[in-house]
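These notes are about the structure you will find just below.
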Amino acid sequence: MRKHLLNAICSLALLTAGMPVVGQEVLDPDPNTLAPSKDPKRQANGLAQTPPMGWNSWNKFACRVNEKVVRDTADVIASNGMKEAGYEYVVIDDCWHGSRDANGFITEDRTRFPSGLKTLGDYIHSKGLKFGIYSDAGTKTCGGRPGSQGHEFQDALQYGRWGVDYLKYDWCSTGTRNAEEAYAVMADALKASGRPIVFSMCEWGNSMPWLWASKIGNLWRTTGDITDKWQGKYNYSWGVASIVDMNEPHWPYAGPGHWNDPDMLEVGNGGMTEVEYRSHFSLWAMMAAPLIAGNDLAKMNRSTRDILLNRDVIAVDQDPLGKQGHRVSKQGDLEVWSKPMVDGGRTLLLWNRGATPARISAEWTAMGLPGRLQMQARDLWTKKNLGQFSGRYDAEVAPHGVVMVRLKS
Ligand code: GLA
């Protein structure tokens, strides 16, 4: 208990100072200590014991989403190996909404979704997949469609009738609402719907949900929107490396059923190189992030497929221990990351953020391993067994690239 308290104080002090937790081995944070809820009797919904996987319409289609796109996507996931690799939720983001009916129930936009969402949900389920949808805690969604404020229980009931399995819940037009209360109301409404519905909170980390949401939501965004670029800030969105820096410090708060969400994948959307997309996917797996593809699956090329379907990297993300990996050392642009795995081993990531090739060395001791321990190493991108190593592993890493290695004793 004292250890937990000390951890909490240390992490919070570092977070407040805006510094990442570097060179510190994975402690054992207890979410009940770190993330007290205003309602001590609140029970988690028990879903998403590993980070959710699937596809979401927003990054590629934004408000151009329609029934055909969603059906085609479900067909592809069910037939190209993605379903077997774990991709499960097909999520329609903003702009599916029609207006509210005379009784206040939300309806779908029948021009975009002519068969209706019940039929579309049935179709997704018939492919062995799950159905996700989007709403907002305010009066309007970010795309200006009707929000759920004041209609939470009614909306959850409607989602239940449509067969919804996942709700992403946004934070536009919320005025002075309190985030914890607003998200708790929808969490209760989803429980009352009679369906198990994964609850994805999207308030961009504004009110530090990692401190209070572990029993309210299954995942919470820690940042503003991702954009299909390597780094930097662009109006209200950020490139991959910048998102990583914002998400990384919250590693102690993630665990089975409650995950930090650094936003959906941009792999395959065309704005980054193959090397950068591989780094993006690897970093998301290291951070036990939800793996929600955000590209046009019906038109993806071989390299995008190979990235999204790397089963070894997916296994790192989905490791049942549920620890979020984090940075353990940094020298300029050269970083070493470690993720503890259920078998007692580690996944090691060497990340070169810079523009020239560089050698990066990872010390066992920085990862909380005894210095003399013999470890078997396997490269998760080249798929080569590298042999036995003791004390350290080092490799040449391409500019903007990663080397990702599974270490087992
Ligand atoms: C916000 C969210 C995005 C997306 C859009 C939809 O910006 O952060 O992920 O859902 O709204 O309008």
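First listed ligand is number 1; within each ligand, the first listed atom is number 1. Computed from a predicted model, the values in this text were never measured in an experiment. Each residue takes its place number in the sequence, starting with 1.
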Face-on cation placement of Arg145 at Tyr134 ring, 6.0 Å and 45° thresholds: no
So that I can tick it off, tell me whether Asp122 and Lys118 are bridged by a salt bridge, with the cut-off set at under 4.0 angstrom between side-chain N and carboxylate O. yes
Lys191 atom NZ: more than 12 heavy-atom contacts under 6.0 Å: yes
Taking the six-membered ring for Trp, are Tyr277 and His280 parallel (under 30°), tilted (30 to 60°) or perpendicular (over 60°)? tilted
Stepwise side-chain contact (heavy atoms from CB on, under 4.5 Å) check, Asn310 with Lys383: CA-CA 10 Å; Asn310 186 326; Lys383 309 276 179 187; 2.9 Å; yes
Assess whether a salt bridge exists between Glu181 and Arg177, defined as any Lys/Arg side-chain N lying under 4.0 Å from an Asp/Glu carboxylate O. no
Using a cut-off of under 3.5 Å, which N/O atoms of ligand 1 pair up with protein N/O atoms, and what distance separates each pair?
residue	atom	partner	partner atom	Å
ligand 1	7 (O)	Asp225	OD2	2.8
ligand 1	8 (O)	Trp204	NE1	2.9
ligand 1	8 (O)	Arg221	NH1	3.4
ligand 1	8 (O)	Arg221	NH2	3.3
ligand 1	8 (O)	Asp225	OD1	2.5
ligand 1	9 (O)	Lys168	NZ	2.7
ligand 1	9 (O)	Arg221	NH1	3.2
ligand 1	10 (O)	Asp93	OD1	2.7
ligand 1	10 (O)	Asp93	OD2	3.4
ligand 1	10 (O)	Lys168	NZ	3.0
ligand 1	11 (O)	Asp170	OD2	2.8
ligand 1	12 (O)	Asp94	OD2	2.8

